[in-house]
Protein chains: 4
Amino acid sequence: MAEEMNIQSAFQSVMAANQDIPPKQKQVLAASLALFAQQGFANTTTKQIAARAGVAEGTVYRRYKTKDELLAAILAPFMTEVFPRLIKEFAQDVVSQPYMTRHEMIESIVVDRMAFIQKNGAILRILIREISVRKDLRSQFVSHAAPLLQDNLFPVLDRLKARGELVDWPDSRIAQFMIGTMLTELFRRLLLSEDDAAAVSVIIEFLEKGLAPTTK
Amino acid sequence: MAEEMNIQSAFQSVMAANQDIPPKQKQVLAASLALFAQQGFANTTTKQIAARAGVAEGTVYRRYKTKDELLAAILAPFMTEVFPRLIKEFAQDVVSQPYMTRHEMIESIVVDRMAFIQKNGAILRILIREISVRKDLRSQFVSHAAPLLQDNLFPVLDRLKARGELVDWPDSRIAQFMIGTMLTELFRRLLLSEDDAAAVSVIIEFLEKGLAPTTK
Amino acid sequence: MAEEMNIQSAFQSVMAANQDIPPKQKQVLAASLALFAQQGFANTTTKQIAARAGVAEGTVYRRYKTKDELLAAILAPFMTEVFPRLIKEFAQDVVSQPYMTRHEMIESIVVDRMAFIQKNGAILRILIREISVRKDLRSQFVSHAAPLLQDNLFPVLDRLKARGELVDWPDSRIAQFMIGTMLTELFRRLLLSEDDAAAVSVIIEFLEKGLAPTTK
Amino acid sequence: MAEEMNIQSAFQSVMAANQDIPPKQKQVLAASLALFAQQGFANTTTKQIAARAGVAEGTVYRRYKTKDELLAAILAPFMTEVFPRLIKEFAQDVVSQPYMTRHEMIESIVVDRMAFIQKNGAILRILIREISVRKDLRSQFVSHAAPLLQDNLFPVLDRLKARGELVDWPDSRIAQFMIGTMLTELFRRLLLSEDDAAAVSVIIEFLEKGLAPTTK
DNA sequence: AATGAATGAGATTTCATTCAT
DNA sequence: GATGAATGAAATCTCATTCAT
């Protein structure tokens with residue numbers, strides 16, 4: 001699937017969004033990303049970041065004037081570029097196939113999105129944790145994501161519902177189950193630290209059945 | 001349902017597990033719980049806890065000698081008592097009804113567990129967040145939860161599988177989808193800050209269909 | 001003169017304005033005052049303050065959350081209490097003697113104000129230096145001092161002018177010369193580090209002659 | 001008055017004393033001067049200087065190896081050249097007119113010196129502030145200025161005193177009042193940010209009367 | 001038991017200065 | 001010469017923890 005090629009890892013995207021950055025600054029960004037994901041933002045010191053990046057502590061502050069800006073530099077391009085692109089790419093794929101079945105749609109979503117999640121697990125972890133802790137980030141995220149879903153995912157769902165391919169629940173609920181189920185894989189891997197290649201196909205089957213229309 | 005009555009809110013459980021505590025210490029515990037859930041453990045200062053509890057900062061330390069002990073005092077009883085009881089109660093219910101259908105089992109699980117999640121969302125949030133950041137807590141949790149599920153949930157799943165009531169996936173995967181789906185509700189509510197009374201029945205239907213055996 | 005007794009040293013006033021302060025906090029305030037006066041605010045580190053006060057560095061921040069607040073704690077009571085009281089006390093003295101001569105007025109002003117300047121040289125040095133460097137402090141000072149002079153000093157000057165006891169210059173100019181001349185003594189002492197007991201009488205004579213009406 | 005033409009602005013003098021300086025270094029010097037005067041030396045960063053000068057931060061250090069040298073480059077020529085020349089020029093004027101009256105002398109001093117103060121207010125502000133904070137600068141200034149006044153101003157004062165044109169106070173006191181009164185104008189302008197063309201003549205009259213011999 | 005001032009280790013941040021390009 | 005990224009020492013500030021009252 002050509003689309004898959006388009007999905008860049010969020011880390012690369014963060015870097016792309018921070019073009020023309022001197023190499024040491026990239027190291028700082030990479031170190032921050034790794035440490036924030038591993039230990040959490042609040043538990044990571046700039047000293048650790050500097051050590052991991054192999055730079056002096058002052059260097060951490062050269063481009064990003066506060067630790068919070070460092071977090072923003074990681075999350076912002078993700079929310080404003082990577083995430084939107086991800087959703088729009090999906091929409092394009094789907095719109096070009098008006099007579100998609102539920103299976104085709106879910107497979108189309110899950111395969112690419114799971115690849116994305118696996119590549120960008122680190123940033124997603126940071127995002128999820130910080131969203132649950134910072135009100136400002138939460139509303140920023142909601143105001144970014146809501147219209148994206150509204151405009152790109154929901155019309156597709158509605159069309160499928162109209163054709164009797166999808167259960168008749170509110171779109172937000174269907175999205176909750178789709179996204180949530182994919183994210184459980186992130187959590188599973190955290191706990192079991194094991195990789196399961198079969199995960200994708202199982203998730204597809206689970207969603208496909210779970211979201212089938214109610215048969216009375 | 002009688003069982004529901006048995007499910008105490010985690011906070012009450014925490015308090016129960018900390019019996020004979022002077023009132024000020026209870027206030028400290030309650031304040032910590034609220035603040036940890038809202039802002040995260042690392043972002044909460046003992047000063048904030050003291051203020052919220054209406055006590056002096058020194059008082060925070062009378063019973064719990066470190067901030068970490070405070071976290072432990074909240075999470076430990078939850079993991080060692082509340083959580084096990086929750087699962088065992090479920091097992092007892094189910095074991096007494098050998099010919100349960102998938103629907104009955106899932107309903108039996110979800111109704112009570114969702115009530116539990118809704119009551120104890122605060123502690124769960126703390127637990128999930130801290131588990132993702134502390135390796136020790138993670139292995140502690142895994143070594144607690146794994147046998148519990150192994151001993152209580154998995155036999156039930158196996159029996160249902162044997163009777164063709166349940167899809168033939170590894171138990172851990174089925175548990176992942178059941179627990180994960182229920183937890184998505186926590187996250188949904190965090191983002192949308194809206195309560196949906198219909199959530200439970202939708203989740204039941206979603207799981208029931210999603211976990212049905214593959215029909216070929 | 002009874003009034004002289006009323007003039008408290010600004011340091012005592014700063015302390016008075018910071019009543020019920022634990023002794024260590026007073027030491028912090030006193031150390032800050034001394035060091036700011038000696039080395040300037042920007043050249044004084046909180047480490048120096050802590051060392052001079054004989055406390056830990058954290059103690060410096062217990063009551064005053066920033067170094068700037070420490071400066072404010074010293075200057076604010078001076079501007080809002082000591083300085084106004086100083087001017088009002090003068091006004092009361094003078095108002096009770098409607099037929100004062102220029103000599104009497106100037107003597108009445110200079111004697112007490114010079115005592116004040118000598119006692120509070122340290123704070124005045126800080127105030128003058130910081131005023132010349134911070135725009136906010138400057139306008140704060142102007143908006144405090146201007147009405148005070150307007151209401152208390154200028155009417156007295158006008159009355160003397162009307163009686164031909166005082167040169168017919170704008171009040172602000174007369175104030176400039178009176179205050180300025182007194183302050184030159186501060187600067188002289190800084191440079192020569194010598195005390196001249198005769199200063200007061202010389203200043204009185206200089207002002208008395210300098211501010212006499214123009215004889216044509 | 002021809003002399004007035006001779007008085008160059010201190011900035012020009014500073015520049016003159018730093019002849020053969022590449023243009024970028026001049027910009028650095030000018031930026032430093034402006035910023036030190038506005039914000040104080042300690043509150044000005046080399047980054048600000050570089051930005052204001054329109055050069056890179058490294059360039060600030062090409063000629064002046066430390067920030068202190070930058071201050072020295074501004075103040076030194078002022079103290080060693082501008083200031084001495086100012087006083088000597090005055091002396092030459094006066095010596096050539098042995099029968100000067102007090103009015104003539106004061107006018108001769110004040111007119112030119114006030115022009116000087118107005119032109120060089122920025123440097124004077126820096127000088128005064130730093131003198132009050134640095135002991136080395138203070139003694140340097142005293143050892144420079146004292147003999148200059150001793151040799152050039154004091155003989156003139158003595159001659160006038162001998163002729164009964166001037167009050168019989170110590171020369172240092174008379175100098176204090178003359179210089180101090182002129183400097184009050186600097187401070188007045190800082191506070192009121194208004195220019196008063198009449199200032200010079202009022203100051204002359206004030207000094208002339210204030211320094212008149214005591215009449216008994 | 002409770003208080004809250006004090007502590008000091010350590011975190012964040014600043015900035016004069018250096019140095020490779 | 002000029003640049004600006006990098007440095008690291010030192011400054012400001014935070015906060016879990018202790019302790020005298």
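Note on naming: letters A, B, ... go to the chains in the order of the sequence lines (proteins, then strands), and numbering restarts at 1 for each one.
- As judged by a 4.0 angstrom heavy-atom cut-off over every strand, Gln48(C) is placed among residues making no nucleic acid contact.
- Between the CD atom of Gln27(A) and the C1' atom of dA6(F) there is a distance of 12 Å, rounded to whole Å.
- Atom P of nucleotide dA16(F) and atom CD1 of Ile49(B) are separated by 8 Å, given to the nearest angstrom.
- Regarding contacts with the backbone of dA2(E), a side-chain N or O of Gln25(B) is found under 4.0 angstrom from either OP1 or OP2.
- Distance Glu69(D) CD to dA16(E) P: 15 Å, rounded to the nearest Å.
- Using a 4.0 Å heavy-atom distance criterion, Val60(D) is classed as making no nucleic acid contact.
- With Ile123(A) as the partner, the side chain to side chain contact (heavy atoms under 4.5 Å, CB included) test is satisfied by one option alone out of Leu75(A), Val82(A), Ile128(A): Leu75(A).
- The listed nucleotides are dA2(F), dA5(F), dT14(F); the one nearest the side chain of Tyr61(C) is dT14(F).
- Annotation: of the two residues near DNA chain E, Gly54(C) and Glu57(B), the 5′-most nearest-nucleotide partner is Glu57(B).
- We find that CG of Asn43(A) is positioned 14 Å from C1' of dG10(E), with the value rounded to whole Å.
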Q) Would Arg134(C) and Leu71(C) satisfy side chain to side chain contact (heavy atoms under 4.5 Å, CB included), going step by step from the backbone distance to the final call? A) CA-CA 12 Å; Arg134(C) 295 161 179 251; Leu71(C) 179 64; 3.7 Å; yes
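- Comparing atom distances between the Pro22(C) side chain and each of dT7(F), dG4(E), dA6(E) picks out dA6(E) as nearest.
- Remark: dT21(F) base-pairs with dA2(E). Criterion, Watson-Crick or G-U wobble with two distances under 3.5 Å.
- With 3.5 Å as the limit, one finds no donor-acceptor pair spanning the side chains of Arg125(A) and Ser132(B).
- dG4(F) atom C1' lies 10 Å from atom NZ of Lys47(D), rounded to whole Å.
- Atom pair Leu70(C):CG and dA11(F):C1' shows a separation of 15 Å (rounding to whole Å applied).
- Comparing Val55(A) and Ala42(B) by the nucleotide of DNA chain F that holds the closest heavy atom to each, the one mapping nearer the 5' end is Val55(A).
- Set against dT12(E), dC13(F), dA6(F), the side chain of Lys67(C) has dC13(F) as its closest nucleotide.
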Q) Between Leu127(D) and Met79(D), is a side chain to side chain contact (heavy atoms under 4.5 Å, CB included) present by the stated rule, with each step listed? A) CA-CA 9 Å; Leu127(D) 183 66; Met79(D) 296 206 329; 3.7 Å; yes
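- Each of Thr59(C) and Thr44(A) has a nearest nucleotide on DNA chain E; the 5'-most of these lies closest to Thr59(C).
- Nearest heavy-atom pair, Thr66(B) versus Tyr61(B), reported as atom, atom and distance to 0.1 Å: CA-CE2, 4.0 Å.
- Rounding to whole angstrom units, CD1 of residue Ile21(C) and P of dA6(E) are separated by 10 Å.
- Ring geometry, Phe41(B) versus Phe36(B): the interplanar angle exceeds 60°, so the pair is classed perpendicular (tilted spans 30 to 60°).
- Residue contacts for Thr45(D): at a heavy-atom cut-off of 4.0 Å it reaches the sugar-phosphate backbone alone, with no base atom in range.
- If you check every strand for non-hydrogen atoms under 4.0 Å, Thr46(B) touches a base.
- Across the strands present, dA9(F) finds its partner in dT14(E); the criterion is a Watson-Crick or G-U wobble pair with both atom distances under 3.5 angstrom.
- Lys26(B) has its NZ atom 14 Å from the P atom of dA1(E), to the nearest Å.
- Considering only side-chain N and O atoms, Arg62(D) lies nowhere under 4.0 angstrom from the phosphate OP1 or OP2 of dG1(F).
- Put simply, Lys24(A) has no side-chain N or O that comes within less than 4.0 Å of OP1 or OP2 on dA5(F).
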